[in-house]
Amino acid sequence: MSIRSIKTLVFPLTFAAVCLIFGLLFIGAYRFAFTSVDRILSRQTTSKLGSITQLVEENESEHRNAVKVLYLNRSVQRLFTKIIASEQNEELLSSLQSTLQYWHEKQSPDQYMAAMYVDRAGMPLVAIDFNGTVDREATEHFVGSSRLSEEVYNSSAPRIRLDPSVTSTWSVEKMQAHSITFTVQDANGAHILRSVYPVLDRKTKEINGYVSTDRPLNALFRWRDEENETLLIVDSNTERLVFDSSSSENAAQPLDETHPYLTDAEHKKSLEARGEKDDVPPYTKAQAGENELLIVEEVLPEIGWKFFHITHLSPYINQPQMQARLLVASALIFLTVAGVAIYTLTRRIQSRSQQLEETNLQLEEANSIVSQHNQLLEEELQTAHEMQMRLMPQENPQLDGYEVVGRCRPATAVGGDFFQYFNIDDKKWIFTLADVTGHGMQAAVPTMVFSGLLDTEISYSAEPETLMPKLNHRLCRVLEPRTFVCLSLGELDCAKNTMRI
């Protein structure tokens, strides 16, 4: 292969490499933009979740220490042993009631709403609403369900309280043979945090009954329901939900039934992999139906709870993602068309050069062929010139009170000069004037890239203060390090007769 043929091949190969690099840059920028959104959301969510878990750990530890006296106290255990042995009577139930009332007096006034003792079958024995009162008629049903005799009920001794406000939200189905905490809703729809602990026989360790305490949710932490956000609290020992901000009916339900995507192997593997990166908080993504979810998890081993903060990404990224894909596709199509045009031109030049080498023409014939080649190049450059000129305005805007005239005459067929008008609204226009470093094709290709980026960015925001930094950031990523664009931008407000440069 001759030196001339090698030189002819270098240009298309170089251009193909440049097109490939630009294509990869566009795709990389697209992926980087949406990965950055995930990382930003994960950092924000991790900070928000950290504040919640810090409060939960402190408040829940204090609660568990305070409530131990209600089920580990020997006198309470003896009372339940007597109840199991001889059925409950007024004296025993009054003692349980006094225990709850005395204990509540030692706590913060707003920390607890109610407390209740229930038998081993889950039926209420004593239920006290610390902020309410109870009347005889409303209590009769619950007295009967607790098997209090009419004689005890009608006696003149202090009545055993079975407040309907407490027992109405009680569910025997959610009872289990171990400690559990879950949320219920009162008649007003407010979240109540209910903790249930077993009262054990001191000798056999069998369950004789349960004690239940009700707290307002904000006694543990404050959560404001946000659109597109969900908070889950899961008991690590039972894998059941303590709290689900999206549905109160999920409380005490198994996590793998209500949110199966949080328990599959892919989720755990992804979360472990994310956790190996020091610069990004651990997070993972999942698909629930049509919703794409970003999940941040935090574990509190001291109290045996796991926290999941779930962000629904679709409302944030669907529209920008579609626009970004269109932009990337348009850029790739432009590079493909330009590459085909350059490749076709190069192939023609290569073919003519080979014909010239293979023929043993006289000098005059060779000069004639060279002239033809030069003419062909001029025609192709003229075509490139016309393509570049079409990037600029084909006609001047007609503005009342102003005469606007623009013209570009490059020193060669193509170059790095560029200007454009953008109509923002009926009374406001943006004028741009730019010059790219270099000459000829070296400047023409970046000029085309710059034109596309400018048109795209100004469609998102025409404010110069916003446009200029974004445009500069995008150009820094796609242009070569030694390529620069000098850009002047003017905003003409015809209504105010002002121009900002």
Side-chain angles (χ1 to χ4, degrees), residues 6-36 323-347 349-350 377 380-392 408-420 432-461 464 466-489:
I6 295 175
K7 290 182 178 179
T8 307
L9 285 173
V10 168
F11 181 74
L13 292 176
T14 302
F15 186 82
V18 171
C19 289
L20 178 61
I21 291 173
F22 271 111
L24 293 175
L25 285 174
F26 280 122
I27 295 173
Y30 167 81
R31 292 174 61 88
F32 174 77
F34 288 97
T35 301
S36 298
Q323 294 171 344
R325 287 174 179 172
L326 290 175
L327 173 62
V328 172
S330 301
L332 294 177
I333 291 173
F334 171 78
L335 289 176
T336 302
V337 172
V340 170
I342 298 297
Y343 176 76
T344 302
L345 173 63
T346 306
R347 291 291 296 175
I349 297 174
Q350 184 180 5
L377 285 174
E380 296 291 348
L381 288 175
Q382 180 62 29
T383 300
H385 169 78
E386 293 172 0
M387 290 176 62
Q388 185 176 16
M389 290 300 103
R390 283 196 292 271
L391 295 177
M392 289 174 272
C408 177
R409 295 181 62 187
T412 57
V414 293
D417 301 317
F418 174 82
F419 77 98
Q420 186 57 274
T432 60
L433 187 65
D435 185 13
V436 180
T437 55
H439 301 283
M441 290 298 295
Q442 180 185 5
V445 173
T447 300
M448 293 180 181
V449 174
F450 168 76
S451 174
L453 292 177
L454 175 62
D455 187 66
T456 300
E457 289 296 335
I458 211 165
S459 67
Y460 286 107
S461 174
T466 304
L467 172 65
M468 296 293 271
K470 288 186 176 180
L471 189 59
N472 185 64
H473 181 66
R474 296 287 298 277
L475 287 172
C476 288
R477 292 207 307 255
V478 300
L479 296 183
E480 295 182 356
R482 305 284 307 171
T483 301
F484 301 89
V485 179
C486 178
L487 170 64
S488 296
L489 186 147

Taking every heavy atom of Val436 against every heavy atom of Pro446, the minimum-distance pair comes out as CG1-CB, 3.8 Å
Working to the nearest 0.5 Å, report the span between [atom1] of [X] and [atom2] of [Y].
X      : Y      : atom1 : atom2 : value
Leu454 : Ile458 : CG    : CD1   : 5.5 Å
Thr432 : Leu489 : OG1   : CG    : 6.5 Å
His473 : Glu457 : NE2   : CD    : 9.5 Å
Met448 : Leu391 : CE    : CG    : 5.5 Å
Asp417 : Leu433 : CG    : CG    : 8.0 Å

Report yes if the side chains of Pro410 and Met389 come closer than 4.5 Å at any heavy-atom pair, otherwise no. yes
Under a 4.5 Å cut-off applied to non-hydrogen side-chain atoms, are Leu475 and Phe450 in contact?
-> yes
Passing option when Leu471 is tested against Thr456, Leu487, Thr466 for side chain to side chain contact (heavy atoms under 4.5 Å, CB included):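 For Leu471, the side chain to side chain contact (heavy atoms under 4.5 Å, CB included) test succeeds with only one of Thr456, Leu487, Thr466, which is Leu487.
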Problem set entry | With Phe484 via ring-ring contact (aromatic ring centres under 6.0 Å, His included) - residues at least two apart |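 If we apply the ring-ring contact (aromatic ring centres under 6.0 Å, His included) test to Phe484, skipping adjacent residues, there are no hits.
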Test Thr447 against Val485 for side chain to side chain contact (heavy atoms under 4.5 Å, CB included), laying out the working first. CA-CA 8 Å; Thr447 300; Val485 179; over 6 Å; no
Across all chains, not counting sequence neighbours, the side chain to side chain contact (heavy atoms under 4.5 Å, CB included) partners of Ser459 are none
Between Phe419 and Cys408, is the side chain to side chain contact (heavy atoms under 4.5 Å, CB included) condition met? List the steps.
CA-CA 8 Å; Phe419 77 98; Cys408 177; 3.9 Å; yes
